[in-house]
Protein chains: 2
Amino acid sequence: MARMIRERSDVLPMLAEVFREHGFEGASLALITAATGLGKGSLYHFFPGGKEEMAAAVLEEIDGWFEREIYAPLRHQSDPVIAIVITLGAVEDYFRSGRRVCLVGAFALGETRDRFKEGLRSYFTRWIEALVMALTRSGRSDRDARLLAEDAVLSIQGAIVLSRALDDTGPFTRTITRLRSALTGSGQPR
Amino acid sequence: MARMIRERSDVLPMLAEVFREHGFEGASLALITAATGLGKGSLYHFFPGGKEEMAAAVLEEIDGWFEREIYAPLRHQSDPVIAIVITLGAVEDYFRSGRRVCLVGAFALGETRDRFKEGLRSYFTRWIEALVMALTRSGRSDRDARLLAEDAVLSIQGAIVLSRALDDTGPFTRTITRLRSALTGSGQPR
DNA sequence: GTCTATAAAGCGATAGAC
DNA sequence: GTCTATCGCTTTATAGAC
């Protein structure tokens, strides 16, 4: 009977999954209480601002995860090529090879875009900037690094869309493979 | 006073825009009546199946547009390279350089995915197959054509996501530029 | 074919007991 | 901190007048 939830952060992963699967509008309080096991009372105790605060908290946690697991290694790990390969693998796991939606990307397509504007912009620009840093450290020109980084981030988003539409992880895994070679090679063809 | 709407197809473009801007769940009948100027009575007269039938009809119209303007030229136009360049331009216009969401892509991310499963799959596979046909006709190997086509379609989807998140058409237009060169070149670097 | 009125259900959010 | 009960509003959908 003892509820295992003492902190807000304990429910964030479950919350995130509901938003990912149903979107912001689709994630009803009914679905959220079912997924978290928490009544509305508890939910509003942790998130007085309601659904909007829940979604904002989820975005913040996602942001923290990417900062820690992806951006920081890309920026600071001594060998930038190793950092690229490792974080590409982490991204593949995180998105379950395209089976799992990127909440930030999904929010960018919906009317949620304006509501969480700054969070979305920051998530993508910091990802791109971290990649640019790794790529320039690995010897690329600024211009090359920038184009490559933007293409990598957008390709991952598109790969999720396509893999989900086709219900096939192929597009996502092939994209990761292509990026591994494109980002670590010295600029040759695919 | 004379209402200008005599056929179902007259409302489809307005309907499509509402679904694009608000998603399936977010597109309430209230928003739809406002956007189309039609009362619920008329709406249910044209679409007895309600919102689901409206969305299905919109998807079908989108499918028809792409079949006509994109897939058919890629498959049959005498010069495949010209077909690629022309359809890339049409795609750029259609998505307003990334300002306009791809409804099919957005549906693939949401819970709408299962509801419209066949439509989504068909839209993307036919796009990819048509591109494969143009690329092989232009002299690519089957393997090359397939990888290139999948990458092109998914890059366009990702470019929309990123352009919307950053509120900047740059990623989208750069992606079209990159694809123009990657799909019409003979396989060199970017 | 279009409208208004209305039904029935679900929504997010709040209050208050415990 | 968690629950249930409830409010007020919006939702989809239907009925029936015109």
Side-chain angles (χ1 to χ4, degrees), chain A residues 1-59 61 103 106-107 110-116, chain B residues 1-59 61 103 106-107 110-116:
Chain A
M1 197 84 290
R3 191 147 305 291
M4 300 267 71
I5 290 157
R6 292 272 103 92
E7 304 182 49
R8 227 171 84 128
S9 60
D10 292 341
V11 283
L12 288 182
M14 298 178 260
L15 226 34
E17 224 42 47
V18 179
F19 282 121
R20 263 189 274 263
E21 279 168 32
H22 302 275
F24 184 78
E25 345 286 336
S28 68
L29 261 346
L31 282 169
I32 293 172
T33 57
T36 59
L38 251 49
K40 296 187 194 185
S42 308
L43 249 12
Y44 275 88
H45 170 73
F46 287 122
F47 308 94
K51 254 176 76 168
E52 175 141 3
E53 188 173 343
M54 297 180 209
V58 163
L59 283 179
E61 176 177 75
L103 189 61
F107 275 10
E111 52 188 340
T112 29
R113 178 176 73 138
D114 304 309
R115 224 194 210 108
F116 303 107
Chain B
M1 195 89 289
R3 190 146 304 290
M4 300 267 72
I5 289 158
R6 291 272 105 91
E7 304 180 49
R8 228 172 83 130
S9 60
D10 292 339
V11 282
L12 289 182
M14 299 178 258
L15 225 33
E17 226 39 50
V18 179
F19 281 122
R20 262 188 277 265
E21 278 168 35
H22 302 276
F24 183 78
E25 345 285 335
S28 68
L29 260 348
L31 283 170
I32 292 172
T33 57
T36 59
L38 250 49
K40 296 185 195 185
S42 309
L43 249 13
Y44 275 90
H45 169 73
F46 287 121
F47 307 95
K51 253 175 77 168
E52 176 141 2
E53 188 173 342
M54 298 180 208
V58 164
L59 283 179
E61 176 176 76
L103 188 61
F107 275 11
E111 52 188 342
T112 28
R113 177 177 74 139
D114 304 309
R115 225 193 210 110
F116 302 106

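Numbers restart at 1 for each chain; the letters A, B, ... are given by sequence-line order, proteins then strands.
As judged by a 4.0 angstrom heavy-atom cut-off over every strand, B:Gly50 is placed among residues touching the sugar-phosphate backbone only. If you check every strand for non-hydrogen atoms under 4.0 Å, A:Gly39 touches sugar and phosphate atoms only. Within the 4.0 angstrom heavy-atom criterion, only backbone atoms of the sugar-phosphate kind lie near B:Lys51; the bases stay farther away.
Toward the 5' end of DNA chain C, the nearer of the two residues A:Ser28 and A:Gly41, judged by each one's closest nucleotide, is A:Ser28. Closest-nucleotide positions on DNA chain C for A:Gly26 and A:Pro48 were compared, and the one nearer the 5' end corresponds to A:Gly26.
The nearest whole Å value for the distance from the CD1 atom in B:Ile32 to the P atom in C:dT2 is 16 Å. Going from atom CD of B:Glu7 over to atom P of C:dG1 covers 10 Å, rounded to whole Å. Straight-line distance from the CD atom of B:Glu53 to the P atom of D:dA13: 11 Å, rounded to whole Å. Whole-Å rounding puts the B:Phe24 CZ to D:dT12 P distance at 9 Å. Between the P atom of D:dA5 and the NZ atom of A:Lys40 lies a distance of 12 Å, rounded to the nearest Å. Note: CZ (A:Phe47) to C1' (C:dA13) measures 15 Å, nearest angstrom. C:dG12 atom P lies 7 Å from atom OH of A:Tyr44, rounded to whole Å. The CG-P distance, from B:Leu29 to C:dG10, rounds to 17 Å in whole Å.
Looking at B:Leu38 and B:His45, their side chains never come closer than 4.5 Å, going by heavy atoms from C-beta outward. Two residues are said to be in side-chain contact when any heavy atoms from C-beta on lie closer than 4.5 Å; B:Phe24 and B:Val58 fail this criterion.
Among D:dT6, D:dT12, D:dT2, the nucleotide with an atom closest to any side-chain atom of A:Phe46 is D:dT2. Checking C:dC3, C:dA13, D:dT14 against the side-chain heavy atoms of B:Ser42 singles out C:dC3 as nearest.
Note on the helix from C:dG1-D:dC18 to C:dC18-D:dG1: angle between the axes of the first and last five pairs equals 0°, rounded to 10 degrees.
Residue B:Ala27 comes nearest to B:Ile32 through the heavy atom pair O-CD1, 3.8 Å, listed as atom of the first residue, atom of the second, then distance. Closest of all the heavy-atom pairs between A:Tyr44 and A:Gly50 is CE2-CA, 3.5 Å.
Look at A:His45 and you'll find a side-chain N or O under 4.0 angstrom from OP1 or OP2 of D:dG1.
Counting only distance, with no hydrogens or angles, the side chain of B:Thr112 and the backbone of B:Arg115 share no donor-acceptor pair below 3.5 Å.
Residue pairs meeting the salt bridge (Lys or Arg N to Asp or Glu O under 4.0 Å) criterion with at least one partner in residues 19-34 of chain A, sequence neighbours excluded, are A:Glu17-A:Arg20.
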Could you please spell out the steps behind the side-chain contact (heavy atoms from CB on, under 4.5 Å) verdict for B:Phe19 and B:Met54? CA-CA 10 Å; B:Phe19 281 122; B:Met54 298 180 208; 4.1 Å; yes
